[in-house]
Every structure is written in C-alpha cells, then in structure tokens.
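Heads up: the structure comes next, in structure tokens.
Worth knowing before you read on, the calculation uses all heavy atoms, side chains too, and leaves out hydrogens, waters and symmetry mates. The residues of the chain are indexed from 1 along the displayed sequence.
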Amino acid sequence: MKKEKVSKIVMVLLYLLCGAGIGVLCGNLFGEENFGIFLLGTFGVVLAALGMMLVHILLHEAGHLLFGLLTGYRFVSFRIFNLMWQKDDDGRIRLYHFQLSGTAGQCIMAPPDRKDGKMPFFWYNLGGVTVNFLLAILSGVLYIVVRDNAYVAFVCLLFGILGVLTGLTNALPLPGLANDGRNTVEMARSPKARKAFYLQMQAVIMLQKGIRIKDFPDEWFAMPTDEELQNTICCIMAVFLCDKLFDERKYAEAQAQMDDFLGRKTAIDTVHRQLLKVNALFCELAGKKNQVKIESYLDQELQKFMKAMPNYPGIIRTQYAYALYQNDRQAAQKQRDLFEKAALTYPYQVEIEAERECMALAAQLAE
C-alpha cells in the first residue's frame, strides 16, 4: 500500500506540473490583457486542454491498435470512456457500454499463437505511449516553425505538453498501477507474466463467444506462487480462480479463497482488488450474513469504488442483494431496473446470464 501511495503522489505531481506549465503559458499569452480577457482566455484554454486530452487518449488507444496489428494481433474491442466497439463472434463490429474505473480507454486485441512460450508484447503494450510521444515531438517541431504566431504556437505547445503527460502517466512502471509501462516491464522479466497476459486476452475472447468462466479450461486455474503474486499480471490468474469458484456457486469456498488472497501481500491492482471485495460481499450476503463481516467488506474505499462504477453488472448485483438484506424493497427494485438497463448494452451477455442467476438466488434467499 505504501508503494501505491508513492505512485499516486507521482501521478498527482505530474498533473500539477502540467497545470503549472499551462498556467505559465496562459500568463505569457494573456498577461498584458485586462483581467476579464485573462479569465475568458484561461477558461478557453482549459476547454481546449480537455479537448486535446481526449484526442491524446483516442490516439493512445489507436496506437495500441496500430502496433498490435503490425505485430500479428487481431482486433477484439476498442473503448473510449464507456463507449466500446467490439468485433463480435459473427464478425460484425457493434457499439456497447462498458465502464472500468481508473481507465479512460482500452484497446483489447487477440495475441498471435505462442511459439515456444514466446509471443510479441513490447510494441502492442507501448504502442500507445509511442504515439503520444511522437505527437509531442511533432508538436515541438511545429512550435519552432510557427512560434512567430503566438496563438498557433501556444496550441502546438499545449498539445505537446499534454502528449508528454499522457505518455508519461502510461509509460512510468510505477508499483500498484496496471499501466502500459508496468505491464511491459513485468512481461519482460517473467515468462509466467507473458503466459498470464496471453490467457487474459484469450479469456476476453471466450466471454465474447458466450463461454462462462466456470467452463474455461481447467489448466488455466492455479493459484500463483508468492513470488508470482508480486507481479501485477500474474495476480489476475488468482482473480480467475476466485471468479471460477464464484461462477460455480461455490460461494463459501470462493469467499475463503478471496479472503485469503486479499489478506496477503500481493501486487494486485486497485480495480481487481475492489471487484474481489464486491464478490466476497455477495458471498457473505448469500451465506452467513454476518453484520461485522459485511461491514468489513463495505468500507469507505469499496463504497467509493461502487459509486464510480454504478452501471457495472457485478456491482449492481451486489447492491441488489444488499438492499434485500436490509429489507429495502424499493432500493432493490431500483437496482433491478438499473441492471436491466445496463444489460441491454453490456458487451458480454454471458456475464449477464450469470449475474441474473445470482440475483435470482438473492431474491430467493430474501423470501
């Protein structure tokens, strides 16, 4: 946790430095104007910066797509915020809604078959930051060319600064962050991480084809060693094992496995840690219903996480079960309505099927 705090501090400092740099640029550009013009100009710059940041996020994910295709990967899905374009099993690309806290975008691709345990991973993982840095360099060159025009030069410089910011936040291999740089370093160091990464991409394809996690190949499910659990990518295989037990409705066993995993010192990222707590909470609500245990899961951190992802089916399912536990039928119905709405545009309908079973069980137990 200490390492994660250091990583967060580094990220905050990067954004503060970027903001300070933009502030200096605004001062140089509008400093001689009256205060009203200065405020109006600064407001316009903030809006422009937000727009440019969106462009960099889009081009970052496009970089993953481009370099993935160049190294033998196949397109699976492309997401910006909660808008996700996925190539379904019938070959058609459809628009879905998928929300994942802490990520502004994601490009998922199917890796080529592994040969002698090897597969390309470097350029696919770092394709996004490569594009961000190349655009920043291009912006710097354009700035030199057009610097006599203050406003055009300002736009070039602003776009370049935001390109560096986007590139660094994704490239720095900081502990506790499952970003591109961290993934690349971990895969470069560990063959087990490369295998885990390959299986994670294959898992997305299986879900896309309508195969539930309980029906994934048995050889995929093994608890990583203590050493492997210090690797963020390998940690996901432990999550796989917990998810399989959960999907098999072995709730007591799944909860015990999740409690054990969450209680150990691992490199699991924040999103997967909180999603495990969501599932463990449901297991308790479907089992012993111990109030102390329920409150231990439902801490401030988890409540904040669930508020950040209100349309995620697994979170809705657990919120529904919790409302029933509290005998709040109105809140439960609200969660059920929200679930049905989210289900219409969720990309993995096989997960919707599994969540419906969980909600039916919660309703049965409440009666």
Hydrophobic clusters here meaning ILVMFWY residues chained together by side-chain heavy-atom distances under 4.5 Å, can you tell me if Leu95 and Ile352 are in one?
yes
Excluding Leu245, membership of its hydrophobic cluster (Ile, Leu, Val, Met, Phe, Trp, Tyr; side-chain heavy atoms within less than 4.5 Å) reads none
Heavy-atom closest pair, residues Tyr320 and Ala363
OH-CB, 3.5 Å
Side chain Gln208, main chain Tyr348, donor-acceptor under 3.5 Å
no
Measure the shortest side-chain to side-chain distance between Met187 and Phe121 over non-hydrogen atoms and say whether it is less than 4.5 angstrom.
yes
Full working for side chain to side chain contact (heavy atoms under 4.5 Å, CB included) between Lys293 and Lys288:
CA-CA 9 Å; Lys293 191 76 171 176; Lys288 297 180 179 179; over 6 Å; no
Would a distance-only check, ignoring hydrogens and angles, find a side-chain to backbone donor-acceptor pair under 3.5 Å from Thr266 to Leu262?
no
According to the interplanar angle, ranging from 0 to 90°, do the rings of Phe240 and Phe221 count as parallel (below 30°), tilted (30 to 60°) or perpendicular (above 60°)?
tilted
Taking all non-hydrogen atoms of both residues, which atom of Ala332 and which atom of Ala323 are closest, and how far apart?
N-CB, 3.5 Å
For Arg74, does the CZ atom have more than 12 heavy-atom neighbours from other residues, nucleotides or ligands under 6.0 Å away?
no
Hydrophobic cluster identity match, Leu69 and Met201, side-chain contacts under 4.5 Å:
yes
Between Cys18 and Leu162, is a side chain to side chain contact (heavy atoms under 4.5 Å, CB included) present by the stated rule, with each step listed?
CA-CA 8 Å; Cys18 179; Leu162 293 172; 3.9 Å; yes
Are there over 12 heavy-atom neighbours, none belonging to Gln291, within less than 6.0 Å of that residue's CD?
yes
Return each pair, listed once, that meets side chain to side chain donor-acceptor pair (under 3.5 Å) where at least one residue sits in residues 182-192; pairs must be two or more places apart or across chains.
Arg182-Glu186, Glu186-Thr232, Lys192-Glu228
Residue pair Lys304, Asp299: steps toward the side chain to side chain contact (heavy atoms under 4.5 Å, CB included) verdict:
CA-CA 9 Å; Lys304 181 179 178 181; Asp299 55 17; over 6 Å; no
Distance-minimising heavy-atom pair for Ala354 and Asp247
CB-OD1, 3.7 Å
Quick check against the 3.5 Å criterion: does Asp88 have a side-chain atom that pairs as donor or acceptor with the backbone of Asp90?
no
Answer yes or no: is there a donor N or O on one side and an acceptor on the other, between the side chain of Gln99 and the main chain of Ala308, under 3.5 Å?
yes
What about Phe67 and Tyr124, are their ring centers closer than 6.0 Å?
no
Per-pair distances, 0.1 Å, donor-acceptor, side chain in residues 45-55, under 3.5 Å, sequence neighbours excluded:
none

Given side chains that start at C-beta, do those of Leu66 and Leu70 come closer than 4.5 Å, heavy atoms only?
yes
Is there a side-chain contact between Arg94 and Gln86 (heavy atoms, below 4.5 Å)?
no
So, are Asp260 and Arg264 salt-bridged, with charged N and O less than 4.0 Å apart?
yes
Ile315 with Met359, same ILVMFWY side-chain cluster at under 4.5 Å
yes
Which of these passes side chain to side chain contact (heavy atoms under 4.5 Å, CB included) with Ile213: Leu241, Val350, Asp243?
Asp243
Looking only at heavy atoms, what is the nearest atom pair of Leu14 and Leu168, with distance?
CD2-CD1, 4.1 Å
Between His64 and Tyr73, does the ring centre distance come in under 6.0 Å?
no
Using a 3.5 Å distance criterion without hydrogens, assess whether the side chain of Gln349 forms a donor-acceptor pair with backbone atoms of Ala343.
yes
For Leu142, the other hydrophobic cluster members (4.5 Å side-chain criterion, sorted by chain and number) are Leu138
Verify the distance criterion only: is there a donor paired with an acceptor across the side chains of Asn132 and His60 at less than 3.5 Å?
yes
Side chain to side chain contact (heavy atoms under 4.5 Å, CB included) partner of Leu285, the single match among Ile294, Leu324, Leu365:
Ile294
Salt bridge (charged side-chain N to carboxylate O under 4.0 Å, His left out) partners of Asp328, counting only residues at least two apart:
none
Taking every non-hydrogen atom, the tightest pair across Asp269 and Ala178:
CB-CB, 4.0 Å
So the side chain to side chain donor-acceptor pair (under 3.5 Å) pairs with at least one residue in residues 162-176 (sequence neighbours excluded) are none
Candidate pair Leu83 and Tyr96, rule side chain to side chain contact (heavy atoms under 4.5 Å, CB included), full reasoning
CA-CA 6 Å; Leu83 297 177; Tyr96 296 97; over 6 Å; no
Which atoms form the tightest heavy-atom contact between Ile316 and Ala342, and what is the distance?
CD1-CB, 4.1 Å
Going by atom types alone, do Gln257 and Glu253 pair a side-chain donor with an acceptor below 3.5 Å?
no
Would you confirm whether Gln200, through its side chain, and Ile233, through its main-chain N or O, come within 3.5 Å as a donor-acceptor pair?
yes
Solution key, residues 101-110 side-chain donor-acceptor pairs under 3.5 Å, sequence neighbours excluded:
| from | atom 1 | to | atom 2 | distance (Å) |
| --- | --- | --- | --- | --- |
| Thr103 | OG1 | Arg79 | NH2 | 2.7 |
| Thr103 | OG1 | Leu100 | O | 2.9 |

State, yes or no, whether a side-chain contact exists between Ile93 and Phe75 at a heavy-atom distance under 4.5 Å.
yes
Starting from Leu17, walk the hydrophobic network (Ile, Leu, Val, Met, Phe, Trp, Tyr; side-chain heavy atoms closer than 4.5 Å) and list everyone else you reach, by chain and number.
none
Evaluate whether atom CD of Gln326 has more than 12 neighbouring non-hydrogen atoms of other residues, nucleotides or ligands under 6.0 angstrom away.
yes
Is there a chain of hydrophobic side chains (I, L, V, M, F, W, Y, each step under 4.5 Å between heavy atoms) that links Val76 to Phe197?
yes
ring-ring contact (aromatic ring centres under 6.0 Å, His included) with Phe216: which residues, sequence neighbours excluded?
Trp220
Would you mind telling me which of Lys277, Gln255, Glu284 makes a side chain to side chain donor-acceptor pair (under 3.5 Å) with Tyr297?
Gln255
Pairs flagged by ring-ring contact (aromatic ring centres under 6.0 Å, His included) wherever residues 256-296 is involved - sequence neighbours left out
Phe246-Phe282, Tyr251-Phe282
The complete set of side chain to side chain donor-acceptor pair (under 3.5 Å) pairs with one or both residues in residues 350-359, sequence neighbours excluded, reads Arg212-Glu353, Arg212-Glu357, Arg317-Glu355, Glu340-Arg356, Tyr346-Glu351
Exam field: side chain Gln303 to backbone Leu298, donor-acceptor pair closer than 3.5 Å:
yes
Give every residue pair that meets the salt bridge (Lys or Arg N to Asp or Glu O under 4.0 Å) criterion with at least one member in residues 214-225, sequence neighbours excluded.
Asp218-Lys244
